[in-house]
Amino acid sequence: MAAPHGFSVSRYAPDRGGLARLLARDSMVRRLDWPMLASALALSLLGSLLVWSATRNRTELNHGDPYYFFLRHLLNTGIGLALMVGTIWLGHRTLRGAVPVLYGISLVLVALVLTPLGATINGAHAWIVLGGGFSLQPSEFVKITIILGMAILLATQVDAGDQLHPDHRTVAKSLGLAVLPMIVVMLMPDLGSVMVMVVIVLGVLLASGASNRWIFGLIGAGIGGAVLVTALGLLDEYQINRFAAFANPELDPAGVGYNTNQARIAIGSGGLLGTGLFKGSQTTGQFVPEQQTDFVFTVAGEELGFVGAGLIIVLLGVVLWRACRIARDTTELYGTIVAAGIIAWFAFQSFENIGMTLGIMPVAGLPLPFVSYGGSSMFAVWVAVGLLQSIKLQRPMSA
């Protein structure tokens, strides 16, 4: 018996209905990477509970509304999802033409932070206050434009078949594109974001097939730059103290080492299963500073225990695993480079954030992707997920 008109599920039927189109093998919905989407969304929703627990009693922050940060985190997640859908709809290839404009806008925004429009939040002069309780951290979006800009420069000639690997001149141009905003971010100074950008650049160069001389040269330049920045006194005192406290946790346990020591206490007190959501004494007692942002992982460690904290790590691992599959399977170097840059970004930032709460990495003021409270960070990571999904969707289907 023939299928009802408009509901044929044949791949080539011109009159398929809406439901059939959604369920067809070649439909956008079926071809999305659902394990990645589910894991990222689970992280954001779990993050909303952790942020809620960390802020419901913080009347000096939540304006007397215990649901203030919880609802705003959900709103940020919703906006992030909308940005992801818009990115998928446009497609990473379509966005190639807009990258110069996006790069220019991000560069202007990050430069505005150094003007009177810039504001200092949590010790970092890295924000633009928009009013109404909203603020923007342009350095989060610079991460995306660095990835896209470098990918265009490094992949154009290779994807066109003109050469097998980017030449030295092309690599130099791509590094210049990345270094310019990094210098501006360093002047804020926002050392944590610069660290992420350096790792992104390394990931992009490795994926592009650039000569190993560039990789080792960049690593050497990074070490030399760190020594020079320290010698010239470009770092604020609190940033230097953070590294000193990392090297010697007992240096000043009531001062610069306080955050890390309290974070360890909070995570250690959770045990295997945790004290229960909203029942953590360290979280309820507000002993860990910035617990809704940089130190949100301590809420999971204390209240959800090793199991809950491990779940967050597993979900982040799933996102990275699926991203690696996308990078491996795409047939164009441009897509591979974009995916590799995002992988480097997510992997390092997650490791740094969790590591600093455990005392194995210095405190760098970086949010945990998808989990920490913060609109700019949430929007940026969901746009990145949209780029990854677009790369997967625009890959030619196998027969």
About how many Å separate [atom2] of [Y] and [atom1] of [X], when rounded to the nearest 0.5 Å?
X: Asp294; Y: Tyr373; atom1: CG; atom2: OH; result: 13.5 Å
X: Phe287; Y: Ile265; atom1: CZ; atom2: CD1; result: 9.0 Å
X: Leu366; Y: Ser193; atom1: CG; atom2: OG; result: 6.0 Å
X: Leu148; Y: His92; atom1: CG; atom2: NE2; result: 9.5 Å
X: Leu112; Y: Ile128; atom1: CG; atom2: CD1; result: 5.0 Å
X: Met378; Y: Ser372; atom1: CE; atom2: OG; result: 8.5 Å

Over 60° means perpendicular and under 30° means parallel, so tell me whether His168 and Trp214 are parallel, tilted or perpendicular. tilted
Classify the ring geometry between Phe346 and Phe370 as parallel (under 30°), tilted (30 to 60°) or perpendicular (over 60°). perpendicular
[Y] versus [X], side-chain donor and acceptor atoms under 3.5 Å:
X: Ser377; Y: Gln137; answer: no
X: Ser48; Y: His73; answer: no
X: Glu302; Y: Thr283; answer: yes
X: Ser269; Y: Gln282; answer: no

Could you check whether any side-chain N or O of [X] sits under 3.5 Å from a backbone N or O of [Y], counting only pairs where one atom can act as donor and the other as acceptor?
X: Glu303; Y: Gly274; result: no
X: Asn353; Y: Gln349; result: no
X: Thr298; Y: Ala263; result: no

Is it true that Asp33 and Arg322 have a side-chain N and a carboxylate O under 4.0 angstrom from each other? yes
Take atom CZ in Arg328; do more than 12 heavy atoms of anything else shown fall under 6.0 Å from it? yes
Just wondering, do Leu368 and Thr357 contact through their side chains at under 4.5 Å, heavy atoms? no
Does one hydrophobic cluster hold both Leu43 and Leu41, with members joined at side-chain heavy-atom distances below 4.5 Å? yes
